[in-house]
Amino acid sequence: MEYKILTVGILLFISLFSIRLSKKVQVPLLIMFLFIGILAGSEGIGGIYFDDAELTQQIGNFALLFILFSSALETKKSDALSALYPSGILATLGVFLTTLFAAFFAFILTDFTPKEALLFGAIVSSTDAAAVVSVLGDSNLKKKVKTVIEIESGSNDPMAYALILFIISMFKTDGPSILGGIFFLIKQIVIGGALGVVFGKITLPIGKFLKIEREEFLTIHLIAFLFICFSLTSILGGNGFLAIYLMGILIGNERFSFKVNSFRNMRVLSWLMQIMMFVLLGLLVFPSQLGKVMISGSILAILITIVSRTAVVFLLLEKFNYNLKEKLFISWAGLKGAVPIIFSTMAITEGLRKSQSMFNMVFYIVVFSVIIQGMTLKPL
(Lines give C-alpha, C1' and ligand atoms only; values in the text may rest on other atoms or scores of the structure.)
Protein backbone atom coordinates (compact mmCIF):
# COMPACT_ATOMS: atom_id res chain seq x y z
CA MET A 1 0.00 0.00 0.00
CA GLU A 2 2.85 2.40 0.79
CA TYR A 3 4.25 1.99 -2.72
CA LYS A 4 0.81 2.55 -4.28
CA ILE A 5 0.30 5.75 -2.26
CA LEU A 6 3.80 6.90 -3.22
CA THR A 7 3.01 6.27 -6.90
CA VAL A 8 -0.23 8.27 -6.71
CA GLY A 9 1.57 11.15 -5.00
CA ILE A 10 4.33 11.23 -7.63
CA LEU A 11 1.79 11.13 -10.51
CA LEU A 12 -0.23 13.97 -8.96
CA PHE A 13 2.93 16.05 -8.49
CA ILE A 14 4.05 15.45 -12.08
CA SER A 15 0.54 16.38 -13.27
CA LEU A 16 0.72 19.70 -11.42
CA PHE A 17 4.22 20.34 -12.80
CA SER A 18 2.89 19.72 -16.32
CA ILE A 19 0.54 22.72 -15.99
CA ARG A 20 3.51 25.09 -16.48
CA LEU A 21 4.77 23.03 -19.41
CA SER A 22 1.28 23.02 -20.93
CA LYS A 23 1.21 26.83 -21.00
CA LYS A 24 4.67 27.07 -22.58
CA VAL A 25 4.07 24.57 -25.39
CA GLN A 26 0.39 25.53 -25.81
CA VAL A 27 -0.85 21.95 -25.47
CA PRO A 28 -4.27 21.46 -23.79
CA LEU A 29 -3.86 20.54 -20.13
CA LEU A 30 -6.01 17.42 -20.32
CA ILE A 31 -3.77 15.97 -23.02
CA MET A 32 -0.78 16.48 -20.72
CA PHE A 33 -2.51 14.43 -18.02
CA LEU A 34 -3.26 11.68 -20.56
CA PHE A 35 0.35 11.61 -21.74
CA ILE A 36 1.58 11.38 -18.15
CA GLY A 37 -0.58 8.28 -17.72
CA ILE A 38 0.74 6.80 -20.99
CA LEU A 39 4.37 7.48 -20.02
CA ALA A 40 3.80 5.95 -16.59
CA GLY A 41 2.07 2.90 -18.10
CA SER A 42 3.34 -0.54 -19.04
CA GLU A 43 4.71 0.63 -22.41
CA GLY A 44 6.15 3.85 -21.00
CA ILE A 45 9.10 4.70 -18.79
CA GLY A 46 7.06 4.09 -15.61
CA GLY A 47 6.37 0.45 -16.41
CA ILE A 48 3.12 0.38 -14.40
CA TYR A 49 1.01 -2.46 -15.80
CA PHE A 50 -2.67 -1.61 -15.67
CA ASP A 51 -5.50 -3.12 -17.74
CA ASP A 52 -8.47 -3.12 -15.36
CA ALA A 53 -11.28 -1.62 -17.48
CA GLU A 54 -13.94 -2.30 -14.85
CA LEU A 55 -12.04 -0.42 -12.13
CA THR A 56 -11.39 2.43 -14.59
CA GLN A 57 -15.08 2.61 -15.43
CA GLN A 58 -16.06 2.72 -11.75
CA ILE A 59 -13.49 5.38 -10.88
CA GLY A 60 -14.41 7.34 -14.02
CA ASN A 61 -18.12 7.35 -13.20
CA PHE A 62 -17.31 8.36 -9.62
CA ALA A 63 -15.12 11.21 -10.89
CA LEU A 64 -17.87 12.34 -13.28
CA LEU A 65 -20.17 12.95 -10.31
CA PHE A 66 -17.90 15.69 -9.00
CA ILE A 67 -17.01 17.12 -12.41
CA LEU A 68 -20.64 17.47 -13.54
CA PHE A 69 -21.88 18.67 -10.14
CA SER A 70 -19.14 21.29 -9.78
CA SER A 71 -19.81 22.56 -13.31
CA ALA A 72 -23.55 22.74 -12.60
CA LEU A 73 -23.07 24.59 -9.30
CA GLU A 74 -21.43 27.50 -11.10
CA THR A 75 -24.03 27.69 -13.88
CA LYS A 76 -26.29 30.70 -13.49
CA LYS A 77 -29.98 29.89 -13.84
CA SER A 78 -30.49 32.94 -16.04
CA ASP A 79 -27.76 31.73 -18.41
CA ALA A 80 -29.17 28.21 -18.41
CA LEU A 81 -32.67 29.50 -19.23
CA SER A 82 -31.40 31.82 -21.97
CA ALA A 83 -29.57 28.93 -23.61
CA LEU A 84 -32.16 26.30 -22.69
CA TYR A 85 -33.61 25.67 -26.14
CA PRO A 86 -30.48 25.72 -28.34
CA SER A 87 -28.29 23.86 -25.84
CA GLY A 88 -31.15 21.49 -24.92
CA ILE A 89 -31.72 20.56 -28.56
CA LEU A 90 -27.98 20.03 -29.13
CA ALA A 91 -27.75 17.94 -25.94
CA THR A 92 -30.63 15.63 -26.93
CA LEU A 93 -31.49 15.56 -30.63
CA GLY A 94 -27.92 16.62 -31.44
CA VAL A 95 -26.52 13.62 -29.55
CA PHE A 96 -28.97 11.30 -31.33
CA LEU A 97 -28.10 12.65 -34.80
CA THR A 98 -24.36 12.53 -34.04
CA THR A 99 -24.80 8.90 -32.98
CA LEU A 100 -26.40 8.07 -36.33
CA PHE A 101 -23.76 9.95 -38.35
CA ALA A 102 -20.88 8.38 -36.40
CA ALA A 103 -22.44 4.91 -36.64
CA PHE A 104 -22.81 5.23 -40.42
CA PHE A 105 -19.20 6.35 -40.91
CA ALA A 106 -17.89 3.66 -38.54
CA PHE A 107 -19.84 0.94 -40.34
CA ILE A 108 -18.39 2.05 -43.69
CA LEU A 109 -14.78 2.46 -42.52
CA THR A 110 -14.37 -0.36 -39.98
CA ASP A 111 -15.36 -4.00 -39.56
CA PHE A 112 -17.97 -3.15 -36.90
CA THR A 113 -21.38 -4.76 -37.26
CA PRO A 114 -24.39 -2.38 -37.41
CA LYS A 115 -25.03 -2.78 -33.65
CA GLU A 116 -21.35 -2.29 -32.81
CA ALA A 117 -21.21 0.79 -35.04
CA LEU A 118 -24.32 2.17 -33.34
CA LEU A 119 -22.75 1.63 -29.91
CA PHE A 120 -19.55 3.30 -31.10
CA GLY A 121 -21.60 6.25 -32.39
CA ALA A 122 -23.33 6.67 -29.04
CA ILE A 123 -20.01 6.52 -27.16
CA VAL A 124 -18.49 9.38 -29.17
CA SER A 125 -21.71 11.41 -29.47
CA SER A 126 -21.31 13.77 -26.51
CA THR A 127 -18.98 16.71 -26.01
CA ASP A 128 -16.97 16.96 -22.81
CA ALA A 129 -17.56 19.64 -20.18
CA ALA A 130 -14.10 19.28 -18.60
CA ALA A 131 -12.35 19.64 -21.96
CA VAL A 132 -14.49 22.59 -23.06
CA VAL A 133 -14.15 24.55 -19.80
CA SER A 134 -10.41 23.79 -19.62
CA VAL A 135 -9.76 25.12 -23.14
CA LEU A 136 -12.14 28.10 -23.12
CA GLY A 137 -11.12 29.27 -19.65
CA ASP A 138 -11.92 32.95 -19.10
CA SER A 139 -12.12 33.82 -22.79
CA ASN A 140 -14.08 36.92 -23.75
CA LEU A 141 -16.57 35.14 -25.99
CA LYS A 142 -20.04 36.50 -26.54
CA LYS A 143 -22.14 35.37 -23.61
CA LYS A 144 -24.81 33.69 -25.74
CA VAL A 145 -22.14 31.65 -27.57
CA LYS A 146 -20.11 30.64 -24.52
CA THR A 147 -23.21 29.76 -22.52
CA VAL A 148 -24.72 27.45 -25.12
CA ILE A 149 -21.37 25.63 -25.52
CA GLU A 150 -20.90 25.15 -21.78
CA ILE A 151 -24.52 24.16 -21.06
CA GLU A 152 -24.54 21.70 -23.95
CA SER A 153 -21.24 20.09 -22.93
CA GLY A 154 -22.41 19.73 -19.34
CA SER A 155 -25.85 18.33 -20.17
CA ASN A 156 -25.34 15.99 -23.13
CA ASP A 157 -23.58 13.20 -21.21
CA PRO A 158 -26.87 11.91 -19.69
CA MET A 159 -28.45 11.51 -23.16
CA ALA A 160 -25.37 9.69 -24.47
CA TYR A 161 -25.29 7.48 -21.37
CA ALA A 162 -28.96 6.54 -21.79
CA LEU A 163 -28.40 5.66 -25.47
CA ILE A 164 -25.37 3.53 -24.59
CA LEU A 165 -27.28 1.59 -21.93
CA PHE A 166 -30.11 0.95 -24.41
CA ILE A 167 -27.79 -0.15 -27.25
CA ILE A 168 -25.78 -2.44 -24.94
CA SER A 169 -29.08 -4.08 -23.92
CA MET A 170 -29.67 -4.83 -27.62
CA PHE A 171 -26.70 -7.21 -27.56
CA LYS A 172 -28.50 -9.43 -25.06
CA THR A 173 -30.92 -12.13 -26.19
CA ASP A 174 -33.80 -10.61 -24.22
CA GLY A 175 -33.02 -7.05 -25.35
CA PRO A 176 -35.86 -4.51 -25.55
CA SER A 177 -37.97 -3.72 -28.60
CA ILE A 178 -37.92 -0.29 -30.26
CA LEU A 179 -41.00 0.68 -28.27
CA GLY A 180 -39.32 -0.60 -25.11
CA GLY A 181 -36.23 1.44 -25.98
CA ILE A 182 -38.27 4.63 -26.37
CA PHE A 183 -39.94 3.94 -23.01
CA PHE A 184 -36.51 3.33 -21.46
CA LEU A 185 -35.17 6.69 -22.68
CA ILE A 186 -38.28 8.55 -21.52
CA LYS A 187 -38.08 6.85 -18.12
CA GLN A 188 -34.40 7.81 -17.81
CA ILE A 189 -35.12 11.47 -18.54
CA VAL A 190 -38.35 11.83 -16.53
CA ILE A 191 -37.11 10.13 -13.34
CA GLY A 192 -33.70 11.78 -13.62
CA GLY A 193 -35.20 15.20 -14.16
CA ALA A 194 -37.79 14.84 -11.39
CA LEU A 195 -35.37 13.62 -8.72
CA GLY A 196 -32.79 16.22 -9.77
CA VAL A 197 -35.31 18.97 -9.11
CA VAL A 198 -36.44 17.38 -5.82
CA PHE A 199 -32.90 17.06 -4.45
CA GLY A 200 -32.06 20.52 -5.74
CA LYS A 201 -34.89 21.89 -3.64
CA ILE A 202 -34.45 19.87 -0.41
CA THR A 203 -30.66 19.67 0.06
CA LEU A 204 -30.09 23.17 1.47
CA PRO A 205 -33.25 23.25 3.67
CA ILE A 206 -32.17 19.95 5.24
CA GLY A 207 -28.75 21.49 5.85
CA LYS A 208 -30.40 24.43 7.62
CA PHE A 209 -32.50 22.04 9.71
CA LEU A 210 -29.30 20.27 10.78
CA LYS A 211 -27.86 23.69 11.72
CA ILE A 212 -24.61 23.15 9.87
CA GLU A 213 -22.34 26.03 10.92
CA ARG A 214 -18.98 25.13 9.36
CA GLU A 215 -18.06 25.24 5.68
CA GLU A 216 -16.29 21.88 5.68
CA PHE A 217 -19.41 20.20 7.11
CA LEU A 218 -21.61 21.91 4.53
CA THR A 219 -19.34 20.59 1.75
CA ILE A 220 -19.66 17.08 3.22
CA HIS A 221 -23.44 17.59 3.35
CA LEU A 222 -23.49 18.51 -0.36
CA ILE A 223 -21.37 15.47 -1.23
CA ALA A 224 -23.64 13.18 0.82
CA PHE A 225 -26.73 14.36 -1.06
CA LEU A 226 -24.84 14.21 -4.37
CA PHE A 227 -24.22 10.50 -3.72
CA ILE A 228 -27.79 9.87 -2.54
CA CYS A 229 -29.32 11.69 -5.51
CA PHE A 230 -27.23 9.84 -8.10
CA SER A 231 -27.62 6.40 -6.55
CA LEU A 232 -31.34 6.63 -5.78
CA THR A 233 -32.09 7.93 -9.26
CA SER A 234 -30.12 5.09 -10.87
CA ILE A 235 -31.77 2.47 -8.63
CA LEU A 236 -35.22 3.74 -9.66
CA GLY A 237 -34.31 3.52 -13.34
CA GLY A 238 -33.59 7.18 -13.97
CA ASN A 239 -30.52 8.95 -15.31
CA GLY A 240 -28.30 9.74 -12.34
CA PHE A 241 -26.03 12.11 -14.27
CA LEU A 242 -28.99 14.22 -15.40
CA ALA A 243 -30.29 14.29 -11.83
CA ILE A 244 -27.07 15.58 -10.26
CA TYR A 245 -26.63 18.16 -13.02
CA LEU A 246 -30.08 19.65 -12.39
CA MET A 247 -29.53 19.37 -8.63
CA GLY A 248 -26.28 21.33 -8.96
CA ILE A 249 -27.86 24.15 -11.00
CA LEU A 250 -30.70 24.59 -8.50
CA ILE A 251 -28.39 24.55 -5.45
CA GLY A 252 -25.87 26.86 -7.10
CA ASN A 253 -28.50 29.54 -7.70
CA GLU A 254 -29.65 29.67 -4.06
CA ARG A 255 -28.24 32.00 -1.41
CA PHE A 256 -26.67 30.19 1.53
CA SER A 257 -23.85 30.50 4.04
CA PHE A 258 -20.33 29.52 2.92
CA LYS A 259 -21.48 29.49 -0.73
CA VAL A 260 -18.20 30.81 -2.17
CA ASN A 261 -16.09 28.45 -0.06
CA SER A 262 -18.33 25.49 -0.90
CA PHE A 263 -17.92 26.22 -4.61
CA ARG A 264 -14.15 26.44 -4.14
CA ASN A 265 -14.05 23.12 -2.27
CA MET A 266 -16.07 21.39 -5.00
CA ARG A 267 -13.82 22.94 -7.66
CA VAL A 268 -10.76 21.47 -5.90
CA LEU A 269 -12.40 18.05 -5.84
CA SER A 270 -13.43 18.38 -9.48
CA TRP A 271 -9.87 19.13 -10.61
CA LEU A 272 -8.47 16.31 -8.49
CA MET A 273 -10.95 13.93 -10.13
CA GLN A 274 -10.09 15.23 -13.62
CA ILE A 275 -6.36 14.70 -13.08
CA MET A 276 -6.93 11.25 -11.60
CA MET A 277 -9.33 10.27 -14.38
CA PHE A 278 -7.13 11.36 -17.29
CA VAL A 279 -3.95 9.83 -15.82
CA LEU A 280 -5.81 6.56 -15.19
CA LEU A 281 -7.15 6.50 -18.75
CA GLY A 282 -3.60 7.07 -19.99
CA LEU A 283 -2.43 4.10 -17.92
CA LEU A 284 -5.18 1.92 -19.40
CA VAL A 285 -4.23 2.47 -23.04
CA PHE A 286 -1.52 0.49 -24.83
CA PRO A 287 0.09 2.92 -27.35
CA SER A 288 1.34 0.08 -29.56
CA GLN A 289 -2.28 -0.80 -30.34
CA LEU A 290 -3.13 2.74 -31.51
CA GLY A 291 -1.01 2.37 -34.65
CA LYS A 292 -3.55 -0.12 -36.01
CA VAL A 293 -6.35 2.48 -35.90
CA MET A 294 -4.34 5.55 -36.94
CA ILE A 295 -5.55 5.81 -40.54
CA SER A 296 -9.20 4.85 -40.00
CA GLY A 297 -9.19 6.75 -36.69
CA SER A 298 -7.95 9.96 -38.33
CA ILE A 299 -10.59 9.75 -41.05
CA LEU A 300 -13.31 8.97 -38.51
CA ALA A 301 -12.13 11.78 -36.24
CA ILE A 302 -12.47 14.31 -39.06
CA LEU A 303 -15.88 12.96 -40.13
CA ILE A 304 -17.25 12.85 -36.56
CA THR A 305 -15.70 15.86 -34.81
CA ILE A 306 -15.74 18.25 -37.76
CA VAL A 307 -18.08 17.16 -40.58
CA SER A 308 -20.88 15.58 -38.49
CA ARG A 309 -20.63 18.16 -35.72
CA THR A 310 -20.86 21.06 -38.16
CA ALA A 311 -23.81 19.50 -39.99
CA VAL A 312 -25.69 18.87 -36.71
CA VAL A 313 -25.04 22.37 -35.33
CA PHE A 314 -26.08 24.15 -38.54
CA LEU A 315 -29.17 21.97 -38.89
CA LEU A 316 -30.41 22.34 -35.31
CA LEU A 317 -29.49 26.01 -34.79
CA GLU A 318 -31.02 27.13 -38.08
CA LYS A 319 -34.05 28.71 -36.38
CA PHE A 320 -32.06 30.38 -33.61
CA ASN A 321 -30.45 33.79 -33.74
CA TYR A 322 -26.86 32.73 -34.48
CA ASN A 323 -24.87 34.08 -37.41
CA LEU A 324 -22.48 32.07 -39.60
CA LYS A 325 -19.34 32.77 -37.52
CA GLU A 326 -21.09 31.89 -34.25
CA LYS A 327 -22.37 28.57 -35.61
CA LEU A 328 -18.93 27.73 -36.98
CA PHE A 329 -17.37 28.41 -33.58
CA ILE A 330 -20.00 26.33 -31.74
CA SER A 331 -19.29 23.53 -34.22
CA TRP A 332 -15.55 23.69 -33.58
CA ALA A 333 -16.07 23.81 -29.80
CA GLY A 334 -17.55 20.31 -29.70
CA LEU A 335 -14.49 18.84 -27.99
CA LYS A 336 -14.34 15.21 -26.97
CA GLY A 337 -12.77 14.30 -23.63
CA ALA A 338 -12.53 11.64 -20.96
CA VAL A 339 -16.26 10.83 -20.95
CA PRO A 340 -16.29 8.91 -24.27
CA ILE A 341 -13.22 6.93 -23.15
CA ILE A 342 -14.95 6.03 -19.87
CA PHE A 343 -18.10 5.08 -21.78
CA SER A 344 -16.03 2.86 -24.09
CA THR A 345 -14.85 0.81 -21.09
CA MET A 346 -18.49 -0.26 -20.68
CA ALA A 347 -18.16 -2.26 -23.91
CA ILE A 348 -15.09 -4.02 -22.46
CA THR A 349 -16.76 -4.85 -19.14
CA GLU A 350 -19.78 -6.21 -21.04
CA GLY A 351 -17.42 -8.56 -22.91
CA LEU A 352 -18.42 -7.39 -26.40
CA ARG A 353 -16.41 -8.92 -29.24
CA LYS A 354 -14.84 -5.76 -30.70
CA SER A 355 -14.66 -3.84 -27.41
CA GLN A 356 -10.86 -3.40 -27.36
CA SER A 357 -10.82 -2.09 -30.94
CA MET A 358 -13.66 0.24 -30.01
CA PHE A 359 -11.75 1.52 -26.96
CA ASN A 360 -8.59 2.17 -29.01
CA MET A 361 -10.57 3.97 -31.71
CA VAL A 362 -12.39 6.15 -29.18
CA PHE A 363 -9.14 6.98 -27.38
CA TYR A 364 -7.50 8.01 -30.66
CA ILE A 365 -10.46 10.20 -31.66
CA VAL A 366 -10.47 11.94 -28.26
CA VAL A 367 -6.75 12.71 -28.47
CA PHE A 368 -7.24 13.94 -32.05
CA SER A 369 -10.14 16.18 -30.98
CA VAL A 370 -8.40 17.71 -27.96
CA ILE A 371 -5.16 18.39 -29.86
CA ILE A 372 -6.61 19.66 -33.16
CA GLN A 373 -9.71 21.46 -31.87
CA GLY A 374 -8.32 22.28 -28.42
CA MET A 375 -5.14 23.95 -29.71
CA THR A 376 -6.98 26.01 -32.34
CA LEU A 377 -10.11 26.98 -30.42
CA LYS A 378 -8.81 30.17 -28.77
CA PRO A 379 -7.21 31.57 -31.93
CA LEU A 380 -10.38 30.72 -33.82
Nearest heavy atoms of Ile302 and Phe368, plus distance in Å: CG1-CZ, 3.8 Å
Ala91 versus Val95, closest heavy-atom pair with distance: O-CG2, 3.3 Å
Residue Phe104 excluded, over 12 heavy atoms near CZ under 6.0 Å: no
Verdict with supporting geometry, Phe107 and Phe112, ring pair (Phe, Tyr, Trp, His ring centres under 6.0 Å): CA-CA 6 Å; Phe107 180 69; Phe112 292 160; 9.7 Å; no
Derivation of the salt bridge (charged side-chain N to carboxylate O under 4.0 Å, His left out) call for Glu74 and Arg267: CA-CA 10 Å; Glu74 301 191 46; Arg267 203 179 302 129; 2.9 Å; yes
Charged N-O contact under 4.0 Å between Glu215 and Arg264: yes
Ser298 side chain to Tyr364 side chain, donor-acceptor N/O pair below 3.5 angstrom: yes
Step-by-step side chain to side chain contact (heavy atoms under 4.5 Å, CB included) determination, Leu210 to Phe217: CA-CA 11 Å; Leu210 295 175; Phe217 291 161; over 6 Å; no
With sequence neighbours excluded, residues passing ring-ring contact (aromatic ring centres under 6.0 Å, His included) with Phe96: none
Parallel, tilted or perpendicular: rings of Phe66 and Phe227 (30°, 60°): perpendicular
Chi angles and distances behind the salt bridge (charged side-chain N to carboxylate O under 4.0 Å, His left out) call for Lys76, Glu150: CA-CA 11 Å; Lys76 293 182 180 179; Glu150 291 182 345; over 6 Å; no
Exam field: side chain Ser369 to backbone Val366, donor-acceptor pair closer than 3.5 Å: no
Closest heavy-atom pair and its distance - Pro287, Ile38: CG-CG2, 3.5 Å
Asn265 (side chain) donor-acceptor with Val260 (main chain) under 3.5 angstrom: no
Exam field: side chain Glu116 to backbone Thr113, donor-acceptor pair closer than 3.5 Å: yes
Qualifying residue, where the test is side-chain contact (heavy atoms from CB on, under 4.5 Å) with Trp332 and the options are Val313, Ile372, Thr310: Ile372
Arg309 (side chain) donor-acceptor with Leu335 (main chain) under 3.5 angstrom: no
From Thr349, Asn360, Ile348, residue fulfilling side-chain contact (heavy atoms from CB on, under 4.5 Å) relative to Ser355: Ile348
Polar contact flag, side-chain donor to acceptor under 3.5 angstrom, Asn156-Thr127: yes
Lys115 to Phe171, cation-pi by 6.0 Å centre distance and 45° axis angle: yes
